[in-house]
Amino acid sequence: MPELPEVETTRLSFAHRIEGARVVDVRMGKPLRWPLGCDALALRQNHVGSVTRRGKYLWLPLRVADEDEAAGGGLLMHLGMSGSLAFRDQVDHPGKHDHFDLVTTKGTLRLTDPRRFGAVVWSPSLTTGSAAKLLANLGVEPFDPAFTGLQLHGALRRRKVAVKTALLAGDIVVGAGNIYACEALFTAGIDPRLRSDKLSKPRSERLCQAVRSTLAQALRLGGSTLRDFRDAHGMAGEFQSHAQVYARAGQPCTVCATPIRKIVQGQRSTFFCATCQTR
DNA sequence: CTGGGCTCCTGTCAGC
DNA sequence: TGCTGACAGGAGCCCA
């Protein structure tokens with residue numbers, strides 16, 4: 001589910017409210033993708049710092065306030081395919097898909113994740129331990145000035161996979177998942193099947209701009225709510241109704257009316273317009 | 001090192 | 001209405 005716009009929308013919706021809170025209790029539900037990596041009770045008395053994002057991961061820094069239950073470090077969170085976070089003053093008894101509650105003096109942060117591909121992992125810091133390992137192979141942030149057409153061209157030149165697959169891999173540029181990779185390629189007018197190393201510099205420049213503009217537009221619209229995405233206030237996103245190709249197989253292209261095609265690349269569906277995406 | 005395929009898990013929907 | 005199979009926003013891991 002959550003690609004960069006959804007993760008960032010989530011972060012913006014609760015980061016300012018949880019900052020400075022003291023952890024009062026922690027509740028774990030069914031196992032998530034990885035174990036927490038520390039004693040959950042050791043998180044109590046820690047203070048939550050400023051929540052940041054790297055790719056599709058969120059980082060909740062913790063500061064030790066009471067040496068008895070010291071954890072420090074922070075929590076690296078990932079929403080997987082079906083995860084969402086809610087931050088509420090008061091939470092109900094956990095439902096069957098609520099697998100993590102961080103109860104704080106300012107409210108409770110709850111991870112709901114039916115498929116449990118998501119994760120909450122403790123790490124001593126962002127640059128050491130499990131966080132460092134999980135973030136090690138991430139590509140550049142799409143809104144970082146270091147992400148340029150030239151840089152993208154250089155990275156794609158060394159791959160032979162389809163450009164769509166290379167975008168999804170996240171080790172060149174982070175943030176574009178299946179929806180936004182499809183949408184960015186449409187905006188750039190590039191065939192998703194094109195081999196990465198066949199992208200010219202002008203095409204790479206267009207793709208760079210398209211990745212950025214697509215993610216920026218999605219961010220303005222609060223992400224995409226296909227089924228169950230909500231930000232931490234429970235607000236749905238609006239991007240899905242602006243999608244030009246994603247989930248529109250058989251429907252007319254908004255530009256040229258050619259029916260949108262659906263193919264499979266690397267076990268993921270790709271949607272594209274065979275007329276518009278040839279430049 | 002690269003690329004392809006599998007896997008984790010649950011819910012939903014199309015088709016019979 | 002009930003069953004079965006395909007598919008879903010991610011990404012780590014294993015093997016060729």
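The chains referred to below are lettered A, B, ... by the order of the sequence lines, with proteins before strands, and numbering in each begins at 1.
Distance CD (A/Glu6) to C1' (C/dA8): 14 Å, rounded to an integer number of Å. In this entry the distance linking CG of A/Asp228 with C1' of B/dC9 reads 14 Å, nearest Å. Here C/dG10 presents its C1' atom at 14 Å from CG of A/Leu111, a figure rounded to the nearest Å. Straight-line distance from the CZ atom of A/Arg248 to the P atom of C/dG9: 17 Å, rounded to whole Å. Rounded to a whole Å, the CG atom of A/Asn178 is 6 Å from the P atom of C/dG10. Following rounding to the nearest Å, A/Ile179 (CD1) and C/dA8 (P) show an atom-to-atom distance of 11 Å. One atom, CG of A/Leu4, and another, P of C/dG10, lie 11 Å apart when rounded to the nearest Å. Counting to the nearest Å, the C1' atom of C/dA8 and the OH atom of A/Tyr180 are 15 Å from each other.
Atom P of C/dA6 sits at a distance of 13 Å from the matching atom of B/dC6, rounded to the whole Å. The same atom, P, is picked in C/dC3 and in B/dC9; the two are 23 Å apart, to the nearest Å.
Residues that satisfy the ring-ring contact (aromatic ring centres under 6.0 Å, His included) test with A/Phe87, not counting sequence neighbours, are absent from this structure. Listed by chain and number, the residues in a ring-ring contact (aromatic ring centres under 6.0 Å, His included) with A/Tyr246 are A/Phe271 (sequence neighbours excluded). For A/Arg220, there are no salt bridge (Lys or Arg N to Asp or Glu O under 4.0 Å) partners, not counting sequence neighbours. Remark: A/Pro61 engages A/Trp59 in a side chain to side chain contact (heavy atoms under 4.5 Å, CB included) (not counting sequence neighbours). For A/Pro259, the side chain to side chain contact (heavy atoms under 4.5 Å, CB included) criterion is met by no residue, not counting sequence neighbours. Take A/Phe14 and apply the ring-ring contact (aromatic ring centres under 6.0 Å, His included) test, not counting sequence neighbours, and it matches no residue. For A/Arg63, the side chain to side chain contact (heavy atoms under 4.5 Å, CB included) test picks out A/His47, with sequence neighbours left out.
Looking only at atom types and distance, the side chain of A/Ser13 has no donor-acceptor partner in the side chain of A/Thr10 under 3.5 Å away. Using modelled atom types and a 3.5 Å distance limit, the side chains of A/Gln244 and A/Thr254 yield a donor-acceptor pair. Between the side chains of A/Glu6 and A/Tyr180, at least one donor-acceptor pair of N or O atoms lies under 3.5 Å. Under the 3.5 Å distance criterion, with hydrogens and angles disregarded, a donor-acceptor pair is assigned to the side chains of A/Arg17 and A/His233.
As judged by a 4.0 angstrom heavy-atom cut-off over every strand, A/Phe239 is placed among residues making no nucleic acid contact.
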Acceptor/donor pairs from residues 147-157 of chain A side chains to any protein atom, 3.5 angstrom cut, sequence neighbours excluded:
from     : atom 1 : to       : atom 2 : distance (Å)
A/Thr148 : OG1    : A/Leu150 : N      : 3.4
A/Thr148 : OG1    : A/Gln151 : N      : 3.0
A/His153 : NE2    : A/Leu199 : O      : 3.2

With sugar-phosphate taken as primed atoms, P, OP1 and OP2 and all else as base, the protein-contact string of nucleotides 10-16 of chain B at under 4.0 Å (heavy atoms; B, S, -) is BSS----

How does protein reach along nucleotides 11-16 of chain C, written 5' to 3' as B (base within reach of a heavy atom under 4.0 Å), S (only sugar-phosphate), or - (no contact)? BS----

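Where DNA chain B pairs in unbroken runs of 3 or more (Watson-Crick or G-U, both distances under 3.5 Å), the stems are B:2-8 with C:10-16, B:10-16 with C:2-8.
Within the 4.0 Å cut-off from OP1 or OP2 of C/dA8, at least one side-chain nitrogen or oxygen of A/Ser269 is found.
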Short N/O separations, protein against nucleotides 1-3 of chain B, under 3.5 angstrom:
from  : atom 1 : to       : atom 2 : distance (Å)
B/dG3 : OP1    : A/Lys160 : N      : 2.4
B/dG3 : OP1    : A/Val161 : N      : 3.4

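Stacking between A/Phe117 and B/dC9 is absent: the ring centroid is not both under 5.5 Å from the six-membered base ring centre and under 30° in plane angle.
A/Leu102 pairs with exactly one of A/Thr108, A/Val120, A/Val24, A/Leu60 by the side chain to side chain contact (heavy atoms under 4.5 Å, CB included) rule, that one being A/Leu60.
In this structure the side chain of A/Thr270 reaches within 4.5 angstrom of the side chain of A/Gln265, judged on heavy atoms.
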